[in-house]
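A quick write-up on the structure given underneath.
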Amino acid sequence: MNGLKIDLTKCTGFFNEIEMEDELKLADGMAKLLVSGKGKGNDFLGWMNLPIKENNEELKHIKECAAKIQSQAEYLINIGIGGSYLGVKAIDDALYLADNGTKILYSGNSLSGTDMRRLIEIIRNKDIALNVVSKSGTTTEPAIAFRILKDIMYDKYGKEAKERIYAVTDENRGAVKDICDREGYERFVIPNDVGGRYSVLTPVGLLPLAAAGADIDSLLNGAGAQYHACNKEGNSCIQYAAARNILYKKGFTTEIMAVYESSLRFFGEWWKQLYGESEGKENKGIFPASVVFSADLHSMGQYIQQGLRNLYETVILIEEAPMDILIPDTGGDEDGLEYLAGKNMNYVNRIAMEATVNAHVSGGVPNIIISLPKQDEYNIGKMIYFFEYACAVSGYILDVNPFDQPGVEAYKKEMFRMLGKPGN
């Protein structure tokens, strides 16, 4: 249990050592290109140094505002979509932050009136604060949510509302910046050289997570440890990028992230955006999907075991689960489970994981296993940076720009046209 590890032994038989050596050389070359700052999308590499970039004044300001939010509100409503909320939600759930401090509610990530009405009911008699995360301030989903919830804040608190509204936005321009300047809201900056899906280690993630009680110093320290690990040859990021691209070239075009803790469900959602937006372009890219086992073995298990053989799995293994409980000895065996009496549930979960991996591999599904000692801030920080770095290297192997997302605008243009937005 010495840190993040990658196990490729369950890929044996799907590619050989020579293929791996060749792909590792390619991946290592792409990592060097990434570090040189001369590759595609090199104006969006600010995420690379975030864990080691000393900005004590900003961290101090984040912690001060987080303490203020904790004193003000039972709920912090985090308004944002995509990279403006998925990383926060992933870490929030993984650390069980809802058990402590100010609870985070999420809005602005859909256009559902039902979701908004339900949120309003939850906060009706509660003290709340808002945090809006948007570079432009005009992205439809968060902009609508901000318009509605800001109105509720002023109805609820009057002039005091402006002391309860926070924003993370562009440094120099955008609708949210203009509103902040006019109303005097507390504002943090999204660095211009950091894209949304790589932004969780900026104030985008650090402010709401600190308000919810996370140790953001430990989170950054874990990411920093992985930063240093990524600068070593043959590191786990390079191995992961190489293995997934060998499999892709062999026709394994779908990657399923499998987690065995339901608290990691949204980590899979964050990972899907990171890899889907980074690689899915120019008619290329591995399709990212995610499952929570063992629950999804009762819905997706049949397909994974015997369906189209174009998929592989990346399994997240937490060596020491956050909590555990013994299975009791009831003195009888009506349910046929007496052989498990006295065993921990996590022991059974671990055996289920090992059995599932073996069954899927025997069914023609390669498995990559990524393990972490614990599910805490330090190790989650490591895992965040691991996947970010590997994603950038993998995108370069595919010869795409892993830092843009030109296809995202297509649905927006059609939606604006159909809604009758002026100029569309």
Side-chain angles (χ1 to χ4, degrees), residues 4 6 27 30-31 34 39-41 44-51 80-94 109 133 135 190-191 193-202 204-206 209 219 222-223 226-227 230 236-245 248 253-259 264-282 284-292 312-316 368 370 372 379-398 400-408:
L4 188 149
I6 184 168
M30 294 301 105
L34 176 67
K40 294 180 178 180
F44 280 95
L45 297 181
W47 61 272
M48 291 184 67
N49 296 320
L50 286 174
I81 195 167
S84 296
Y85 97 100
L86 283 172
V88 178
K89 176 66 171 167
I91 298 171
D92 180 12
D93 284 4
N109 52 64
V133 185
K135 268 195 173 183
I190 304 171
D193 57 357
V194 178
R197 60 188 177 274
Y198 290 85
S199 68
V200 69
L201 298 179
T202 72
V204 168
L206 298 180
L209 289 169
L219 183 73
Q226 192 61 39
Y227 166 90
C230 286
S236 55
C237 291
I238 302 299
Q239 294 178 56
Y240 175 58
R244 65 195 304 275
N245 277 282
Y248 177 59
T253 57
T254 294
E255 179 176 12
I256 301 175
M257 173 172 280
V259 301
L264 294 177
R265 179 186 300 275
F266 259 84
F267 193 89
E269 297 299 316
W270 171 82
W271 172 85
K272 284 194 293 190
Q273 186 201 8
L274 179 65
Y275 280 78
E277 276 196 355
S278 296
E279 293 189 324
K281 54 201 69 165
E282 300 178 24
K284 301 176 186 177
I286 301 166
F287 183 82
S290 62
V291 290
V292 180
Y312 66 95
E313 290 173 295
T314 294
V315 177
I316 303 299
I368 299 169
I370 295 169
L372 290 168
N379 285 285
I380 294 296
K382 291 191 79 168
M383 190 159 60
I384 289 281
Y385 196 85
F386 169 88
F387 281 113
E388 288 180 342
Y389 191 96
C391 183
V393 172
S394 189
Y396 279 174
I397 292 173
L398 282 172
V400 299
N401 180 351
F403 307 112
D404 68 357
Q405 54 280 339
V408 171

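The first residue in the sequence is number 1, and the count goes up from there.
Rounded to the nearest 0.5 Å, atoms CH2 (Trp271) and CD1 (Ile316) are 8.5 Å apart. In this structure, Lys382 NZ and Tyr227 OH are separated by 15.0 Å, a value rounded to the nearest 0.5 Å. The distance from the CG atom of Asp193 to the CG atom of Asn49 is 9.0 Å, given to the nearest 0.5 Å. Here the CG-CD distance, from Asp93 to Glu269, works out to 10.5 Å after rounding to the nearest 0.5 Å. Distance CE/Met30 to CG/Leu398: 11.0 Å, rounded to 0.5 Å. Interatomic distance, OG of Ser394 versus CD1 of Ile286, reported as 5.5 Å (0.5 Å rounding).
Relative ring orientation between Tyr240 and Tyr275 is described as perpendicular, the plane-to-plane angle rising above 60° on a 0-90° scale split at 30° and 60°. Ring geometry, Tyr396 versus Phe403: the interplanar angle exceeds 60°, so the pair is classed perpendicular (tilted spans 30 to 60°).
With hydrogens and angles ignored, the 3.5 Å screen pairs no side-chain donor or acceptor of Asp92 with any backbone N or O of Val88. Within the 3.5 Å criterion, the main-chain N or O of Pro402 finds no donor-acceptor partner in the side chain of Lys40.
Two residues are said to be in side-chain contact when any heavy atoms from C-beta on lie closer than 4.5 Å; Leu86 and Ile81 fail this criterion. Taking the side chain as every heavy atom from C-beta outward, Ile256 and Thr314 never approach each other to under 4.5 Å. Within the 4.5 Å cutoff, side-chain heavy atoms of Phe267 are placed close to those of Phe387. Proximity of Leu4 to Ile370: side-chain heavy atoms (C-beta onward) are separated by under 4.5 Å at one or more points. Here the side chains of Leu201 and Trp47 are not in contact, with every heavy-atom distance at 4.5 Å or above. Looking only at side-chain heavy atoms (C-beta outward), Pro51 and Gln226 stay at 4.5 Å or farther from each other. Residues Arg265 and Val259 are not in side-chain contact: their nearest non-hydrogen atoms beyond the backbone lie 4.5 Å or more apart.
A salt bridge links Glu279 and Arg244; the closest N-O separation between the charged side-chain nitrogens and carboxylate oxygens is under 4.0 Å. Checked for salt-bridge contact, Asp404 and Lys281 meet the test: a charged N lies under 4.0 Å from a carboxylate O.
Side-chain N/O atoms of Glu388 and Tyr198 include no donor and acceptor closer than 3.5 Å.
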| message | Show, in sequence, the C-alpha distance, side-chain angles and deciding distance for Arg197 and Trp270, and conclude whether the side-chain contact (heavy atoms from CB on, under 4.5 Å) test is met. | response | CA-CA 8 Å; Arg197 60 188 177 274; Trp270 171 82; 5.8 Å; no
